[in-house]
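One structure is given here, and the rest of the page talks about it.
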Number of protein chains: 2
Amino acid sequence: MKQPAATSKSESRIRTERQARILKAAETVFARRGFNGARLMEIAAEAGLPKANLLYYFRSKEDIYRAVCQDILETWLGALGDISAADKPDDALRKYIEAKMDLSLKRPNASRVFAMEIISGAPVIGDYLARDLKDWVDKQAGVFRIWQERGEMAEVSPPHVLFLIWAATQTYADFSTQITAVLGCEKISRNEYKKAVDTVTGVVLRGLGTR
Amino acid sequence: MKQPAATSKSESRIRTERQARILKAAETVFARRGFNGARLMEIAAEAGLPKANLLYYFRSKEDIYRAVCQDILETWLGALGDISAADKPDDALRKYIEAKMDLSLKRPNASRVFAMEIISGAPVIGDYLARDLKDWVDKQAGVFRIWQERGEMAEVSPPHVLFLIWAATQTYADFSTQITAVLGCEKISRNEYKKAVDTVTGVVLRGLGTR
DNA sequence: GTCTATACAACGATAGAC
DNA sequence: GTCTATCGTTGTATAGAC
């Protein structure tokens, strides 16, 4: 059998552990090589497993990739809460931006895989974008409009505000190569990271007139 | 001879024309498939040339890719002028953002190839980033600091302001798939594009206190 | 200068021993 | 459940006819 059902608790446990290790390694490799550039050998090495093992736990390379994308989407939906009209705009947005920055820096590879997937036309997660993400944006846009009616937020297009925040925060993961090159450092330091958060929150919140 | 020197004006003219066609096609294909996913066959088809022709004008696939990157860098350096301390911050920044937006929308594929290259760690253009782009940023940061001393700009980190502007404008090229999915449209319309420019300039300029 | 035919390498996937 | 050996495909690059 190629994809045996778990027949005992211990087998299932090994399976789960191995799959998690493979997905973690795959995320790293897909992030630096892209889907087509990624080699099963490299993923196997990164995971510390023999290559044949990968295709024992997953049917194909594409299957691994889909699982990685799935995992990323679930993490993001879970980590980024909703914003409600009852929240104070300044607090809520500051928290959202900080959470997004934090995620970009804690899982830069997830962010990069996601970015490449979208640049390539989102062949795998396109449906998610058009359904779940669209719903989420429509709801948040409604909240922004309520704030605007109350005069608590400048009159700018709500979805485009979200695009701006996403872009500004993700760039610290996706484009870290460019950022370190321009800053002339090896790695984005803790101090530089703080400057980044301050700049993004400062410009965006002042720009939206929420304070 | 594999890469013959042009022996007459007309040969040279054909050569130049063919190379330009190949580079244009390559930019399109690299943008949607990435370097590794791109196939010489697909580039040839896109260029309307026989496949063997590509490797007659360029030594290898990597050579084509390098030429595409080179072309993109030159375009960008040429199209985006400098900002001088003598300029009025509001005008100068508005013009810069508009130019950057315009470029992202006129050559989205160039933007995407550039993005993927950086996400992959900038193996080809890394030197350019650390040298030319760094110099440019250092110079512009100086201008921003002068404005800040005059009280014409909020006290935020100059390089991070540039990262923010780059991210916000490039997202309309690189992430257009996500944007159209969320907005529920086929293509970013002229009207939506105007909203995008207004939102980015509005939030950034107000956020920087230049007006 | 153009194109066909092919050499050669790399990789994903599988079969089957242990 | 693990691993080796190998198949078949695909894609870059080249040799050589026209």
Side-chain angles (χ1 to χ4, degrees), chain A residues 1-23 25-30 32-69 120 123-124, chain B residues 1-23 25-30 32-69 120 123-124:
Chain A
M1 235 197 292
K2 206 65 243 301
Q3 204 75 217
T7 53
S8 82
K9 294 250 169 77
S10 70
E11 261 179 38
S12 169
R13 215 167 42 79
I14 288 178
R15 198 177 178 75
T16 310
E17 189 270 340
R18 288 278 201 280
Q19 285 183 331
R21 266 216 338 247
I22 291 168
L23 290 182
E27 185 178 286
T28 307
V29 177
F30 284 134
R32 56 170 185 255
R33 311 271 185 216
F35 175 77
N36 288 286
R39 299 293 163 236
L40 290 181
M41 273 283 286
E42 197 177 352
I43 297 176
E46 182 83 27
L49 289 171
K51 175 184 133 176
N53 218 310
L54 268 64
L55 293 164
Y56 174 73
Y57 288 111
F58 293 90
R59 267 213 306 281
S60 66
K61 182 184 176 182
E62 213 181 306
D63 237 53
I64 298 178
Y65 180 71
R66 262 195 297 270
V68 169
C69 286
S120 307
V124 169
Chain B
M1 232 199 292
K2 207 63 240 305
Q3 204 79 213
T7 52
S8 81
K9 293 249 169 76
S10 69
E11 262 179 39
S12 170
R13 215 169 41 80
I14 288 176
R15 199 180 177 74
T16 311
E17 189 270 340
R18 288 276 202 281
Q19 285 182 333
R21 257 200 7 228
I22 291 168
L23 291 183
E27 186 178 286
T28 307
V29 176
F30 283 135
R32 53 167 188 259
R33 311 270 186 216
F35 175 78
N36 288 286
R39 299 292 164 235
L40 290 181
M41 272 283 284
E42 197 177 351
I43 297 176
E46 182 84 26
L49 288 172
K51 176 184 129 174
N53 218 310
L54 268 64
L55 293 164
Y56 175 73
Y57 288 112
F58 294 90
R59 268 213 304 281
S60 66
K61 181 184 177 181
E62 210 180 310
D63 238 53
I64 299 178
Y65 180 70
R66 262 195 297 269
V68 168
C69 287
S120 307
V124 168

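Chain naming here is simple, since letters A, B, ... match the order of the sequence lines and numbering starts at 1 in each.
Closest of all the heavy-atom pairs between Ala47(A) and Ile22(A) is CB-CA, 4.4 Å. Taking each heavy atom of Asn36(B) and Arg33(A) in turn, the nearest pair found is ND2-O, 3.8 Å. The minimum heavy-atom distance linking Lys51(A) with Ala44(A) is given by the pair CA-CB, 3.6 Å. The heavy-atom pair separating Tyr57(A) from Gln19(A) by the smallest distance is O-NE2, 3.6 Å. Residue Val29(B) comes nearest to Arg39(B) through the heavy atom pair CG1-N, 4.4 Å, listed as atom of the first residue, atom of the second, then distance. In plain terms, the two heavy atoms of Leu49(B) and Arg21(B) that are nearest each other are CD2-NH2, 3.4 Å.
The CD1 atom of Ile64(A) sits 8 Å away from the P atom of dA13(C) (whole-angstrom rounding). Note: CG (Leu55(A)) to P (dC7(D)) measures 18 Å, nearest angstrom. The CZ atom of Arg59(B) sits 10 Å away from the P atom of dT14(D) (whole-angstrom rounding). Atoms CG (Leu54(B)) and P (dT4(C)) sit 14 Å apart, rounded to a whole Å. The distance from atom CZ of Phe30(A) to atom C1' of dG12(C) is 12 Å, rounded to the nearest whole Å.
For residues 33-48 of chain B, proximity to DNA chain D is found at Ala38(B), Arg39(B), Leu40(B), defined as any non-hydrogen atom under 4.0 angstrom from a strand atom.
The closest side-chain heavy-atom distance from Leu40(A) to Phe58(A) is not below 4.5 Å.
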Please produce a list of atom pairs where a protein N or O lies less than 3.5 Å from an N or O of nucleotides 2-5 of chain D.
unit_1, atom_1, unit_2, atom_2, d
dT2(D), OP1, Arg18(A), NH2, 2.8
dT2(D), OP2, Tyr57(A), OH, 3.0

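Side-chain atoms of Arg59(B) never come within 3.5 Å of backbone atoms of Tyr56(B) as a donor-acceptor pair (strictly under, hydrogens ignored).
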